[in-house]
2 protein chains.
Amino acid sequence: MSDPSFAPRPTLEDIAARAGVSRATASRVVNGSEGVRAPLAERVRQAVDELGYVPNQAARALVTRRNDAIAVVVAEPETRFFADPFFAQQVRGISRELTAHDNQLVLLLTEGAADYQRVGRYLAGGHVDGALIFSLHDDDTLPALARRAGVPTVIGGRPAWSDSETLYVDCDNRGGARDAVHHLLGLGRRRIGHIAGPLDQTASVDRLDGFRDVLPDADPELIVMGDFTPDGGARAMAQLLDHCPDVDGVFAASDVMASGALRLLRQRGLRVPEDVAVVGFDDIVSVAEWTDPPLTTIRQDIEEMGRMMARLLLRRIDPPEAGAALAPSTGAVLAGSEDASVPLSPIVTRTKLVVRASA
Amino acid sequence: MSDPSFAPRPTLEDIAARAGVSRATASRVVNGSEGVRAPLAERVRQAVDELGYVPNQAARALVTRRNDAIAVVVAEPETRFFADPFFAQQVRGISRELTAHDNQLVLLLTEGAADYQRVGRYLAGGHVDGALIFSLHDDDTLPALARRAGVPTVIGGRPAWSDSETLYVDCDNRGGARDAVHHLLGLGRRRIGHIAGPLDQTASVDRLDGFRDVLPDADPELIVMGDFTPDGGARAMAQLLDHCPDVDGVFAASDVMASGALRLLRQRGLRVPEDVAVVGFDDIVSVAEWTDPPLTTIRQDIEEMGRMMARLLLRRIDPPEAGAALAPSTGAVLAGSEDASVPLSPIVTRTKLVVRASA
DNA sequence: GTGAAAGCGCTAACAA
DNA sequence: TTGTTAGCGCTTTCAC
């Protein structure tokens, strides 16, 4: 009736004994150190195979202070996390990059502030070498918590505060927004509205700023608030139409809101892009390609951003050998997507206009 | 230029020194042991607060052999994992249950067999106390790998093999399928077809078996294969119609396939449920409620299944104190959803017919 | 009730 | 090149 399986795992000592060497030598072989004579090494390797030895990570971590594991913490209810293709793509990028560097991805889900304590303990407990944090709202305490836990951290998206310590990866929201508006302008549109996202997220603010960069004198009524949902986009579009019936172009701060806007325009019998041209932001393919008409939008390479986050964190955790002092590393860096080595500073990735049918 | 932050975390020794007690006593207080006099305990607690002490998990794990962390391993490309609301719900259930028991959920994503080695090392490395595994295909090696790693495991869905060691949680696929068919029969349908899922998954097989339980003499042409995608469902439906134009009821092995079938029926100008009644399986709300017409289906409580998996694993990891020998625990158990304590055996949850408009 | 001491499995000086 | 030794930070007998 009692536990039959789960025999105790062999230890390094067992390996050493079996191979007839010292624990130190066994350790060297297991960790691929140079300077162990071939025949000895061979015997150790054989012992490892025969006994199915796998190093005990707790013991190893205790001395090396390394886990080869990175936490991804998401400050969002799981529902949103799983529902949002944005996260999925980003996590995929992270996962791929970590895997390539033999690091394990540990996904920590939080469901409200109650979980933060637990996450804090987990981070401070030394389970992981670093953390990748997604916290969408400016007042979120997760970054502070990670900081207190003493864990190197990279944040997804530009945080609201700014200091020279904080590392983040974001896309060029402001530049992308400018491109969107310029595109509408290029189409001859002269009454261009903006459906903004919640302004407690820097991405929304930056996109709004980009809009204003190009249209500094825009009628205030042309700027309406949405909430990153389709319904919010529809409501915002309705408001826009009610206040400015002559609007002929709209830049929505997200594809999802743009899809809501398109729906409303259709309901009101307006043609897109003939009557009103619409540009979104994100290029969430499953949204932008399925709208009617397909959405012209600003693409951000989400998976690549995930990759960058991982790369940046790994570099932060163990800075490359000296000589790297060459790289200039002040302020955010506009990164091309093929950079193999990242500087130890915030990274801002380029965006790209993707023209489909809506504008 | 060099690492400025990340001061070393305080150790138990620091706490002990500060509180003027021995390490042992400090440890007792931290772990909530009885038998430490109040004033001492208070001093220790204060030191903990002041220094912001958090136990080093590696050190603790090294001696206790416990991590209070559970891995969830998904043998699916991440794309599918994130896209599928099924997983999301299940993970939510797991997450909630683990959190309630102060365990940390560690999500391990795999993207093909190459990742299996890494996962195997992670499991064998003693990072986690147990593993919850989802492997959808019969020939998947993940369960074997976990077994070799010596980690207690619970599997999501009935595995293809069977032995008394293996613990799993599944819904009553066969019984649910019978209910679906009986419902169609009750509606007066007499030519009932079945769109089956891939037969390398036990869920598909079980649902097919349930269909046959009720209709043992069904025309073989009434059984067609799908692949759990909408398109597959549509193709299967087309095939069914071509071979058996008089079909008046369909039981699809998943909501997603049912949605494809509905689409095809509409294309062919057939009315649902008047001409053909359709029943699905799963009750993925975001699918079943949005189809046209809304889908009658067999509901499985996915989140509850996730909860059960966690509960079962936790119980497997540390069996409750003696005296629990009372509980009979042979064979799979049909569980009501409110069971607080689970037996140490496979669990099969009930399904429920949800009648909407399609049948 | 409290402290001293041993040891979990491993790596990394340091010696040989 | 290899072995010896000393911990990493914690829990847990076992004396006191």
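For the numbers below, each heavy atom of this structure counts, side chains included, while hydrogens, waters and symmetry mates do not. Keep in mind the model is a prediction, meaning the values are calculated, not measured. Naming convention: chains lettered A, B, ... in sequence-line order (proteins, then strands); numbering from 1 in each chain.
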Using the rule side chain to side chain contact (heavy atoms under 4.5 Å, CB included), only one of A/Ile317, A/Val106, A/Ile94, A/Val151 pairs with A/Ile70; which is it? A/Ile317
Is the backbone N or O of B/Ala124 less than 3.5 Å from a side-chain atom of B/Arg148, with the two atoms forming a donor-acceptor pair by type? no
Residues in ring-ring contact (aromatic ring centres under 6.0 Å, His included) contact with B/Phe134, at least two apart in sequence or another chain: B/Phe87
Give a yes or no on whether the backbone of B/Ser162 and the side-chain of B/Thr166 come within a donor-acceptor separation of less than 3.5 Å. no
Contact pattern, 5' to 3', of nucleotides 4-12 of chain C - B, S or - by protein heavy atom under 4.0 Å: B-B-BBBBB
Residue-phosphate contact under 4.0 Å: A/Thr25 side-chain N/O, D/dT2 OP1/OP2: no
Is A/Arg121 paired with B/Asp102 through a side-chain N to carboxylate O contact shorter than 4.0 Å? yes
Tell me the interatomic distance from B/Arg66, atom CZ, to D/dC10, atom P, rounded to whole angstroms. 19 Å
